[in-house]
Amino acid sequence: QGLLAESGGGLVQAGGSLKLSCTASGRTFSRPAMAWFRQAPGKEREFVAAITWSGSSTSYVESVKGRFTISRDNAKNTTYLQMNSLKPEDTAVYYCAAGYWMRDYEAAYDYWGQGTQVTVSS
């Protein structure tokens, strides 16, 4: 059984920062790629960022480049998403996911967390 647990969400004003964490346990250890997705109200879930096991390669959706940074600490089984210069349109439930390959689509990931709410007020 694999488990991913997100934390760090909350309410922040536009221009502020939040850091999300995703801690992995169980069979998720065997999945080298980690990713963050988000789903805003009334919208489909979308890719945000992904990272390989070594951390040497990352990928971001265009709308967050230069503002968000994905990183990981394998010793702590934790993946992070540092979010700076937040905008109201970043408001969403953020999910972490684990898979074999770093891809920007949901089907590449077979373990998912329950999500954490991020709300950015204007």
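The analysis underlying the following values was restricted to heavy atoms, covering all of them including side chains, and did not include hydrogens, waters or symmetry mates.
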**OP:** Determine yes or no for a side-chain-to-main-chain donor-acceptor pair under 3.5 angstrom, with R72 supplying the side chain and T52 the backbone.
**Re:** yes
### Query
Is a side-chain N or O of Y60 found less than 3.5 angstrom from the main chain of G66, in a donor-acceptor match?
no
Looking only at heavy atoms, which two atoms of [X] and [Y] are closest? And how far apart?
{"X": "M102", "Y": "S59", "result": "CE-CB, 4.1 Å"}
{"X": "A40", "Y": "A92", "result": "N-CB, 3.8 Å"}
{"X": "R45", "Y": "F37", "result": "CG-CB, 3.8 Å"}
{"X": "F47", "Y": "A35", "result": "CE1-CB, 4.5 Å"}

When rounded to the nearest 0.5 angstrom, what distance separates [atom1] in [X] from [atom2] in [Y]?
{"X": "I70", "Y": "Q82", "atom1": "CD1", "atom2": "CD", "answer": "12.0 Å"}
{"X": "C22", "Y": "E6", "atom1": "SG", "atom2": "CD", "answer": "5.5 Å"}
{"X": "E89", "Y": "S122", "atom1": "CD", "atom2": "OG", "answer": "10.0 Å"}
{"X": "W53", "Y": "Y100", "atom1": "CH2", "atom2": "OH", "answer": "13.0 Å"}
{"X": "W112", "Y": "L3", "atom1": "CH2", "atom2": "CG", "answer": "15.0 Å"}
{"X": "L4", "Y": "T78", "atom1": "CG", "atom2": "OG1", "answer": "10.5 Å"}

If you count the non-hydrogen atoms of other residues, nucleotides and ligands that lie under 6.0 Å from CD in Q117, is the total more than 12? yes
The residue among L81, T69, T58 that forms side-chain contact (heavy atoms from CB on, under 4.5 Å) with I51 is T58
ask   = Which word best sums up how the rings of F68 and Y94 line up, parallel for under 30°, tilted for 30 to 60°, or perpendicular for over 60°?
value = tilted
Between R38 and the options E46, E106, E44, the salt bridge (Lys or Arg N to Asp or Glu O under 4.0 Å) test singles out E46
*Taking the six-membered ring of Y111 as reference, does the NZ or CZ atom of R31 fall below 6.0 Å from its centre and within a 45° cone about the axis?*
no
Tell me, with the steps shown, if S17 and N84 meet side-chain hydrogen bond (donor to acceptor under 3.5 Å, both in side chains). CA-CA 4 Å; S17 299; N84 299 328; 2.9 Å; yes
For a side-chain contact (heavy atoms from CB on, under 4.5 Å) check, start with the C-alpha distance between M83 and V118, then their side-chain angles and the critical distance, and finish with the verdict. CA-CA 10 Å; M83 305 185 294; V118 171; 3.9 Å; yes
### Message
Quick check: is V12 connected to Y80 through a chain of hydrophobic side chains (ILVMFWY, heavy atoms under 4.5 Å apart)?
### Response
no
